[in-house]
Amino acid sequence: MRILISGASIAGPACALLLSRQGHDVTVVERAPRLRPGGQTVDLRGAGRTVIERMGLADSVAEQLLDQRGLAYVDDAGRHRAVMPVEAFGGHGIVSSHEILRGDLAKVLYDATTSSVSYVWDDTVTAIEDGRVSFEKRRTETFDLIIGADGLHSAVRKAAFLDVDVRPIGIQTTWFTAAVDQSIDGWFLMHNQPGGLVATVRPSHNPAEVKAGLSVRTNVEIDRRNPEAQWQFFEERFAESGWLIPQLLREMRTAPDYAFDSLAQVRMQSWTTGRVALVGDAGYCPTALTGLGTTLALVGAYVLAGELDRHDVETALGNYDAIMRPFVTDAQNLPPMGTRGFAPGTRFEIALGRASIRAMNRWPMRSLFAAEFAKAGAIDLPDYEIALAN
């Protein structure tokens, strides 16, 4: 088949690699002018890690993994108040034993496809009708299958689907790379403040830089295309903050990889229509709070491609939905206390969250945490032979 995939982050190149191994003519279109480097740390856990192994990419990924010690909640002075080491829960805790920068994982997948997949940069889908795809810049083309792997704000979803429920969860977040004057010593540090304010820093490959995040729990909506409005919002909300936050606010405005979004989940009755399918965040974004976005993207790409290798398109798309639906439904359930657990509103709630981390290895907290971390593997993955590299 002649297949178009929109999106060149994780789900897109993963789909492209598997489908090109089946002999299909695959084109990936990406709105960005080139492969986007950098990005925040993502987890490879559970079934997502299994997919990477079955695709024959485990060694390439292992070379890019970050060395992290775990999660630590810190106070205004940067002192650790509660920690979850990376070894907790067999390396499948909040910080897993397999953490990689989004851009590094995207590059591993991209590098594996360069000899077999065509890439079109700086363009996007604008309309889809009976296999004919209109683009913003290039001429209209016809494809046998169109796959939207283009994230929360999917152009393919907008062009082809009507029944879409995009649910904001009330968290405004920005991510960027920053230089700070304190060592984080390999820890993922999280700092909560009353009012639903959260600041995080994580290790990167460069010891002089951190991967930073600022989040606010609020129902205020911010224009995602207006960086100045975003910067002012975070500067106002964190104006009286201590710890590393003044440095992060200064770095935010000039960061080359600055990104912003309003966290939201995508809920749909079907991820397919005709010969169009959605994979990853485009069809079932769970939000970063679950830690399962990358897992769902990889598993979704694997199942879709595997079913297409075994069946005709109509049957394959139906099977894809049936296999993925229970896994996605469970993954989209937010952790206990939801957004309030991530961004507590009061000092008491902040103290309660830290206490729960300290009690993680004792009943009943251990069983609660274990159930959350087990979600990443809660699918019986079919063994698709085509996944293996030739």
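Quick note: residue numbers are just sequence positions, from 1. On a predicted model such as this, the values are computed, not experimentally measured, just so you know.
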Rounded to the nearest 0.5 Å, the CG atom of L263 sits from the CD1 atom of I169 at a distance of 5.0 Å
Stepwise salt bridge (charged side-chain N to carboxylate O under 4.0 Å, His left out) test for R275 and E314: CA-CA 8 Å; R275 286 186 168 235; E314 183 178 358; over 6 Å; no
Indicate yes or no for a side-chain donor-acceptor contact from Y302 to the backbone of G48 under 3.5 Å, with no hydrogens or angles considered. no
So, does S154 use its side chain to make a donor-acceptor pair with the main chain of G151 at under 3.5 Å? no
Would you call K211 and T177 a side-chain contact if the rule is heavy atoms closer than 4.5 Å? yes
Would you say S204's side chain and E209's backbone share a donor-acceptor pair under 3.5 angstrom? yes
Minimum-distance pair of heavy atoms, taken over all atoms of T290 and A331: CG2-O, 3.4 Å
Let me see the working for D130 and R132 under salt bridge (charged side-chain N to carboxylate O under 4.0 Å, His left out), right down to the final yes or no. CA-CA 6 Å; D130 295 330; R132 289 176 58 80; over 6 Å; no
On a heavy-atom basis, which atom in P13 and which in L109 lie closest, and how many Å separate them? CB-CB, 3.7 Å
With no hydrogens and no angle check, is any side-chain donor or acceptor of R21 less than 3.5 Å from a backbone partner on M55? yes
Could you state the interatomic distance from CD1 (I100) to CG (L65), rounded to the nearest 0.5 Å? 5.5 Å
D104 and H205: side chain donor to acceptor below 3.5 Å: yes
Please report the C-alpha distance between K137 and D122 in whole Å, then the side-chain angles of each, then the deciding distance to 0.1 Å, and finally whether the salt bridge (charged side-chain N to carboxylate O under 4.0 Å, His left out) criterion is met. CA-CA 8 Å; K137 298 180 179 179; D122 195 26; 2.8 Å; yes
In a table with atom names and distances, give each donor-acceptor pair under 3.5 Å that connects a side chain of residues 74-82 to protein atoms at least two apart or in another chain.
{"unit_1": "D75", "atom_1": "OD1", "unit_2": "A77", "atom_2": "N", "d": "3.0"}
{"unit_1": "D75", "atom_1": "OD1", "unit_2": "G78", "atom_2": "N", "d": "3.1"}
{"unit_1": "D75", "atom_1": "OD1", "unit_2": "R79", "atom_2": "N", "d": "2.9"}
{"unit_1": "D75", "atom_1": "OD2", "unit_2": "R79", "atom_2": "NE", "d": "2.9"}
{"unit_1": "D75", "atom_1": "OD2", "unit_2": "R79", "atom_2": "NH2", "d": "3.2"}
{"unit_1": "D75", "atom_1": "OD2", "unit_2": "R81", "atom_2": "NE", "d": "2.9"}
{"unit_1": "D75", "atom_1": "OD2", "unit_2": "R81", "atom_2": "NH2", "d": "3.0"}
{"unit_1": "D76", "atom_1": "OD1", "unit_2": "H191", "atom_2": "NE2", "d": "3.1"}

Between W175 and R102, is there a cation-pi geometry (under 6.0 Å to ring centre, at most 45° from the normal)? no
Value for OG1 (T124) from NZ (K158), rounded to nearest 0.5 Å, stands at 9.5 Å
List the steps and the verdict of side chain to side chain contact (heavy atoms under 4.5 Å, CB included) for L44 and L105. CA-CA 10 Å; L44 287 178; L105 179 57; 4.2 Å; yes
Taking side chain as C-beta onward, heavy atoms only, is E372 less than 4.5 Å from P336? yes
If you measure only the distance, is there a donor-acceptor pair under 3.5 Å linking the side chains of E236 and Q232? no
R225/D223 salt bridge by N-O under 4.0 Å criterion: no
Is the NZ or CZ atom of R224 positioned over F260's six-membered ring, under 6.0 angstrom from the centre and within 45° of the axis? no
Does W121 have its ring centroid less than 6.0 Å away from the ring centroid of Y119? yes
Take Q193 and S241 through the side-chain hydrogen bond (donor to acceptor under 3.5 Å, both in side chains) test and state the conclusion after the steps. CA-CA 8 Å; Q193 292 184 4; S241 301; 2.9 Å; yes
Answer yes when R253 and E228 have at least one side-chain N-carboxylate O distance shorter than 4.0 Å, and no when they do not. yes
Could you check whether any side-chain heavy atom of L152 comes within less than 4.5 Å of a side-chain heavy atom of V266, counting everything from C-beta outward? yes
List the atom of R217, the atom of A343, and the distance in Å for their closest heavy-atom pair. NE-O, 2.8 Å
Where the side chain of T174 meets the backbone of A259, is there a donor-acceptor pair that is under 3.5 Å apart? yes
Give me the ring orientation class for Y284 and Y320: parallel if the planes are under 30° apart, tilted from 30 to 60°, perpendicular past 60°. tilted
Is any side-chain heavy atom of Q332 closer than 4.5 Å to one of C285? no
Where H24 and M1 come nearest, the two heavy atoms and their spacing: ND1-N, 3.0 Å
When you measure from the side chain of T315 to the backbone N and O of D312, does any donor-acceptor pair fall under 3.5 Å? no
Main-chain N/O of V156 paired with D150 side-chain donor or acceptor, under 3.5 Å: yes
Using the side chain to side chain contact (heavy atoms under 4.5 Å, CB included) rule, take F143 and I3 through it: C-alpha gap first, then chi angles, then the decisive distance, then the call. CA-CA 6 Å; F143 296 89; I3 299 175; 5.9 Å; no
side-chain hydrogen bond (donor to acceptor under 3.5 Å, both in side chains) between E307 and N319, worked out: CA-CA 7 Å; E307 290 302 311; N319 289 352; 2.9 Å; yes
State whether the number of non-hydrogen atoms from other residues, nucleotides or ligands found under 6.0 Å of R358 atom CZ is greater than 12. yes
In terms of heavy-atom contacts, V125 and F135 come closest through CG2-CE2, 4.1 Å
Value for CD (Q64) from NE2 (H98), rounded to nearest 0.5 Å, stands at 13.0 Å
Any Lys/Arg nitrogen of E349 or R340 sitting under 4.0 Å from an Asp/Glu carboxylate oxygen of the other? yes
OG (S262) and CD (E221) are apart, to the nearest 0.5 Å, by 4.5 Å
Can you tell me how far apart CD1 (I52) and OG1 (T295) are? Round to the nearest 0.5 Å. 10.0 Å
V180 with Y258, same ILVMFWY side-chain cluster at under 4.5 Å: yes
Before giving the answer on side chain to side chain contact (heavy atoms under 4.5 Å, CB included), spell out for L296 and F327 the whole-Å C-alpha distance, their side-chain angles and the decisive distance to 0.1 Å. CA-CA 8 Å; L296 291 183; F327 188 46; 3.6 Å; yes
Determine whether I147 and L4 make a side-chain contact, defined as any pair of heavy atoms from C-beta on separated by less than 4.5 Å. no
Given side chains that start at C-beta, do those of R354 and M190 come closer than 4.5 Å, heavy atoms only? no
W187 versus M84, closest heavy-atom pair with distance: CZ3-O, 4.4 Å
So do the side chains of M324 and W271 get within less than 4.5 Å of each other, counting heavy atoms only? yes
Any cation-pi pair here, R157 with F161, using under 6.0 Å and within 45°? no
Is the shortest side-chain N to carboxylate O distance from R2 to E141 below 4.0 Å? yes
Examine distances only and state if a side-chain atom of E136 and a backbone atom of T126 form a donor-acceptor pair shorter than 3.5 Å. no
Heavy-atom distance under 4.5 Å between the side chains of R267 and Q265, does that happen here? yes
